[in-house]
Structure formats: C-alpha cells, structure tokens
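The chains referred to below are lettered A, B, ... by the order of the sequence lines, with proteins before strands, and numbering in each begins at 1. Everything quoted here is computed from the prediction, not taken from an experiment.
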Number of protein chains: 2
Amino acid sequence: MHTLAEENYLKAIYKLSLIAENVSTNQIAAELATKASSVTDMLRKLADKLLINYTRYQGVSLTQTGEKVAVNIIRRHRLWEYFLVEKLHFKWDEVHEMAEEMEHISSNELIDRLDEFMGFPTRDPHGDPIPDCNGNFKTNDLKAISTVDVNTCGIISGVRDHSSAFLQYLEKQGLTIGKKITIKEIITYDNTVVLQMNNKDLQISRDVANNLLIAL
Amino acid sequence: MHTLAEENYLKAIYKLSLIAENVSTNQIAAELATKASSVTDMLRKLADKLLINYTRYQGVSLTQTGEKVAVNIIRRHRLWEYFLVEKLHFKWDEVHEMAEEMEHISSNELIDRLDEFMGFPTRDPHGDPIPDCNGNFKTNDLKAISTVDVNTCGIISGVRDHSSAFLQYLEKQGLTIGKKITIKEIITYDNTVVLQMNNKDLQISRDVANNLLIAL
DNA sequence: TTGTATTTTTAGACAAGTCTAAAAAAATTA
DNA sequence: TAATTTTTTTAGACTTGTCTAAAAATACAA
Ligand SMILES: [Mn+2]
Ligand SMILES: [Mn+2]
Ligand SMILES: [Mn+2]
Ligand SMILES: [Mn+2]
C-alpha cells in the first residue's frame with residue numbers, strides 16, 4: 001500500500017501534530033534525522049496521494065486518510081512492543097528498534113489476530129495507548145511529576161523520553177509503570193523531587209521528573 | 001546487514017542450489033519473477049560482498065557466508081509461519097506471504113526468543129525443517145506418493161507445491177501433515193492413486209501424488 | 001565445424017529516496 | 001521600512017534496484 005519511507009514520514013508528522021497542528025519541514029527533518037530538502041521532496045509525494053495538506057512554505061497537516069494510516073502504524077508499533085515484552089520477555093528499553101521494523105509488516109489481519117492473541121491490550125510497555133482496530137484510543141490524561149503539587153499521590157503511567165538510557169535508569173530505581181508514588185518535597189535549589197514509594201524515599205532530578213508521567 | 005533485495009536473491013539461490021549446485025541467471029530470474037539483466041546486476045554486488053561465487057557466464061553458487069545468511073532467512077521464514085499457524089490460528093495456506101515480509105526483520109535475538117517461546121519447533125506448517133540457531137537441521141527423507149509401491153504405508157509429512165490452491169485442496173480432503181495413509185492402487189490409465197485413510201478410500205490425481213510427500 | 005538458437009551480459013534509462021549547494025520566500029531585527 | 005537571518009524550496013547529483021534493447025558468449029545441431 002505505502003512505502004516504508006512514506007509510512008515513516010506519516011508517523012513523524014502525526015507525532016509532531018500532537019504538539020502543534022501545523023508541522024514545519026525542519027521539524028520533520030529533525031524527527032527523521034534527514035535533510036529539509038529530502039522532506040520537501042517527500043511532502044510533494046504525500047500531497048499528491050492526498051495523505052497530507054501541503055502548500056509551499058506553509059507547513060503540513062495530515063488529511064483524514066493520512067491520519068488513519070498514521071494511527072494504524074502506531075497501533076502496529078505498540079502491539080508489537082507489547083508482544084515483545086509480554087510474550088518474548090524483552091525489557092521495555094529493548095523493544096523500540098525491533099518494533100520500528102515490525103510496524104511495517106502490512107497485513108491488518110495479522111495485527112488484528114495478534115491483538116486478539118494478547119487479549120486486546122490497551123497500553124504498550126511504556127504506558128502509551130494502543131489504538132483498537134478502528135483506530136480509537138483514549139488519550140492519556142497524565143501529568144509530568146515536575147508539574148504536580150507536593151503531597152500529591154499517583155500511579156506511574158507513562159514516560160515522555162523513550163530512550164534506553166532513561167528507561168534503564170527508571171527500571172533500576174524501580175520506577176516502573178503501575179507503581180504508586182507520593183511527591184513529598186521539591187528542593188528549591190535545583191528542583192530535585194523527593195518521592196515516596198513503598199515507604200521509602202527516593203530523589204529524582206528535575207529532568208527525570210519532567211519525563212516521568214503519573215495518573216492522579 | 002543486508003538489503004531486502006539481497007536477502008531475497010540469496011534465498012532464491014539457496015533454494016535453486018538444492019536441485020542443481022550451479023545456478024543459472026535465468027533460473028534466478030524465473031524464481032524471483034524478474035529479468036535476467038537485473039539478476040546479472042545483483043550477482044555482481046553479491047560477489048563483491050563475497051556472498052556468492054560468480055564468474056561471468058558460469059552461473060553461481062553460495063559461499064559459506066552466503067549459505068549461512070540464506071539458511072538464517074529460511075529459519076526466520078519458517079518460525080514465523082509456525083507462529084502464525086500455531087499461535088494466531090491462521091491456516092497453512094494463508095501464511096506464506098506474511099512470512100515473506102516477516103523474514104526480513106533483522107534481529108536474531110528476536111528470532112531466538114520466538115523459537116524458545118514456541119518450544120523450539122523442528123518443522124514448519126508445511127512439514128519443512130526449521131534450522132536451529134546454529135543453522136543446523138535434518139534434511140527431509142521424504143518420498144512423493146507417486147514414487148512409492150502399492151501397499152506402502154506412511155505418514156503425510158510434507159508438500160512440494162506450496163500454493164494456496166494446492167494446500168486448500170489437501171485441507172479439504174483431510175490430507176494434512178501427520179495423517180497416516182496407505183497406497184492401495186495405482187490406476188494405470190491415468191496414474192490416479194487410490195489411498196486409504198481412516199479406513200476410507202480416496203483418489204488423488206498423478207499431479208497431487210507428485211506434490212504430496214510421505215515419511216515411510 | 002560452421003551456423004543458428006539460447007543464454008548472459010552490457011548499455012542506457014527510469015523511479016524512489018537521499019544528499020549538497022544555491023536560490024527564493026518568510027520571519028526577524030534594526 | 002529596509003536589512004539580515006532563518007526557513008524552505010529548487011537544481012542537480014548519487015545509490016539501489018529495476019527495466020528494455022542490443023551485443024557478446026555459449027550451447028546445440030546440421
Ligand atoms: Mn516505540
Ligand atoms: Mn512504546
Ligand atoms: Mn513459506
Ligand atoms: Mn513453509
């Protein structure tokens with residue numbers, strides 16, 4: 001249906017659209033680690049296929065069709081990640097690169113059966129919602145730890161940084177999805193956050209608190 | 001490591017090498033439904049990478065490295081087919097095309113974990129042997145039904161034709177892997193073969209008998 | 001062994017996707 | 001508003017993998 005490159009562009013545009021609805025050439029280039037000139041070439045092709053709205057110099061947005069395709073790729077990505085962690089026992093920091101390849105396997109029948117096989121999971125290993133076979137999913141209503149008040153209590157439910165380094169750090173600290181924590185104190189000097197988890201205190205940096213999301 | 005096209009060429013050459021050890025340009029072109037000139041171009045690239053032995057006009061054979069790569073792709077293909085049938089409950093005639101895509105997912109760690117997850121199966125849904133993580137596998141010692149004597153008894157263990165049409169026909173007749181059959185008679189007029197299975201008689205054509213393999 | 005048919009390779013072109021360098025448009029600053 | 005900076009697009013080139021048409025090598029047959 002679509003080439004691998006097209007799928008990756010649509011996914012990147014979708015991701016960037018969540019922040020600002022009109023996406024710039026440079027943003028896409030950064031996201032895909034490619035050059036702006038390459039992006040312009042591809043934008044013309046995607047516009048020809050009616051997958052994006054594009055006028056020169058004006059940035060782009062996905063059409064309804066384009067968004068459907070993008071959400072479907074994200075569905076595949078997250079279902080494969082879930083499979084890799086739950087069935088093949090990979091760690092949550094090991095699965096992203098593999099899923100980047102697997103998300104391009106084209107059969108929807110395959111993905112729907114995989115979904116069924118795993119019991120229709122609604123969250124991937126990083127807490128991100130998995131769209132169902134119609135593309136519907138609940139948007140996360142999560143807050144970065146750095147944004148909540150002292151004495152707030154919540155459940156770790158997602159991450160903003162998906163890098164191995166960050167995920168491995170969290171794993172080591174025991175700060176994994178589902179854990180219940182309380183924000184005890186924010187040290188004014190450097191915004192270090194003091195947490196309580198399992199009756200033990202834990203300090204995390206401002207950076208970590210920015211990238212760790214909780215449900216209240 | 002290798003491109004998708006390279007992997008497909010290596011697999012095709014491997015497959016053709018099982019029949020005759022030196023493989024011709026035209027044979028590869030037919031196998032991959034491409035043109036001889038495209039094959040020549042690719043052969044040069046594969047030879048440069050020391051994956052095949054190639055001298056102009058002389059046909060090709062795989063180097064040890066090339067064979068390892070090819071066997072690994074076949075391992076992946078057959079493990080994914082097994083997964084699709086055993087875990088996702090696809091039928092044996094539905095899985096080949098999906099496996100053609102999945103075999104190119106590059107992680108060996110993934111494939112080894114998948115192998116373990118499924119209990120290290122040794123045969124794919126079509127009876128073909130699955131190489132282990134070192135590339136070792138037992139070669140099939142199977143005979144086409146058309147080549148065995150009357151009154152021979154054996155177990156259906158493989159197919160020579162992997163087409164949907166053939167597999168669906170076998171399924172319908174109940175002629176699936178593992179079934180025990182006896183060759184009762186060969187009708188001299190048109191070489192129709194009369195089988196007995198579960199105490200019932202069944203007639204299959206010469207063509208079918210040629211493509212259905214049994215272990216004695 | 002000489003001529004014909006077949007196979008294989010070469011030559012040249014094309015599409016997809018990428019790049020660098022330069023030009024054009026837009027945004028920012030003075 | 002005019003000058004400067006930044007962003008985006010265009011121009012032209014390169015790589016991979018494919019194709020058609022023509023040339024070269026090999027195989028087969030008389
Ligand atoms: Mn991911
Ligand atoms: Mn994820
Ligand atoms: Mn197959
Ligand atoms: Mn098979």
Measuring to OP1 and OP2 of D/dT16, would you say a side-chain N or O of B/T3 lies under 4.0 angstrom away? no
If you compare every side-chain N and O of B/T40 against the phosphate oxygens of C/dT9 (OP1, OP2), does one of them come in below 4.0 Å? yes
Looking at B/S24, I'd like to know whether one of its side-chain N or O atoms comes within less than 4.0 Å of OP1 or OP2 on C/dT7. no
Rounded distance (Å) that lies between atom C1' of D/dT8 and atom CD of A/Q58: 11 Å
By nearest atom, which of the nucleotides C/dA21, D/dT18, C/dG17 is closest to the A/S37 side chain? C/dA21
Parallel, tilted or perpendicular: which describes the rings of A/F117 and B/F117, with under 30° parallel and over 60° perpendicular? perpendicular
Identify whether any heavy atom of A/A5 sits under 4.0 Å from a base atom; if not, whether one sits that close to sugar-phosphate; answer base, sugar-phosphate or nothing. sugar-phosphate
Could you tell me how far apart A/H2 (NE2) and C/dG17 (P) are, to the nearest whole angstrom? 12 Å
A/T25 vs D/dT7: side-chain N/O to OP1/OP2 distance below 4.0 Å: no
Counting only side-chain N and O atoms of A/N26, is one of them less than 4.0 Å from OP1 or OP2 of D/dT6? no
How close or far is atom C1' of C/dT9 from atom CG of B/D41, stated in whole angstroms? 9 Å
Derivation of the salt bridge (charged side-chain N to carboxylate O under 4.0 Å, His left out) call for B/K45 and B/E6: CA-CA 9 Å; B/K45 288 174 199 165; B/E6 281 170 1; over 6 Å; no
May I ask you to verify if any side-chain N or O of A/R56 is less than 4.0 angstrom from the OP1 or OP2 atom of C/dA26? no
Kindly say if A/R44 contacts the phosphate of D/dT10, meaning a side-chain N or O under 4.0 Å from OP1 or OP2. yes
Nearest heavy atom decides the nucleotide; on that basis, is A/M42 or B/G59 closer to the 5' end of DNA chain C? B/G59
Taking OP1 and OP2 of D/dT9, is either one under 4.0 Å from a side-chain nitrogen or oxygen of A/Y54? yes
Measure from NZ on A/K35 to C1' on D/dA11 and round the result to the nearest Å. 17 Å
Salt bridge (charged side-chain N to carboxylate O under 4.0 Å, His left out) with A/E103: which of A/K11, A/R76, A/R78? A/K11
Nucleotide C/dT9, atom P - distance to NZ of B/K45 in whole Å: 14 Å
Quick one: sort the B/H77 and B/H96 rings into parallel, tilted or perpendicular, breaks at 30° and 60°. tilted
Examine the side chains of A/D93 and A/H162 and answer whether a donor and an acceptor come within less than 3.5 Å of each other. no
Can you tell me if B/T34 touches the phosphate of D/dC19, counting only side-chain N or O atoms and a distance under 4.0 Å to OP1 or OP2? yes
Atom OH of B/Y57 and atom P of D/dA27: how far apart are they, to the nearest Å? 11 Å
Looking only at C/dT8, D/dT9, D/dG17, the nucleotide nearest the A/A36 side chain is D/dT9
When you measure from the side chain of A/E31 to the backbone of A/L16, do you find a donor-acceptor pair of N or O atoms at a distance under 3.5 Å? no
Could you tell me how far apart B/K49 (NZ) and D/dG17 (C1') are, to the nearest whole angstrom? 12 Å
Whole angstrom is fine here: how far is it from CG in A/N8 over to P in C/dT18? 9 Å
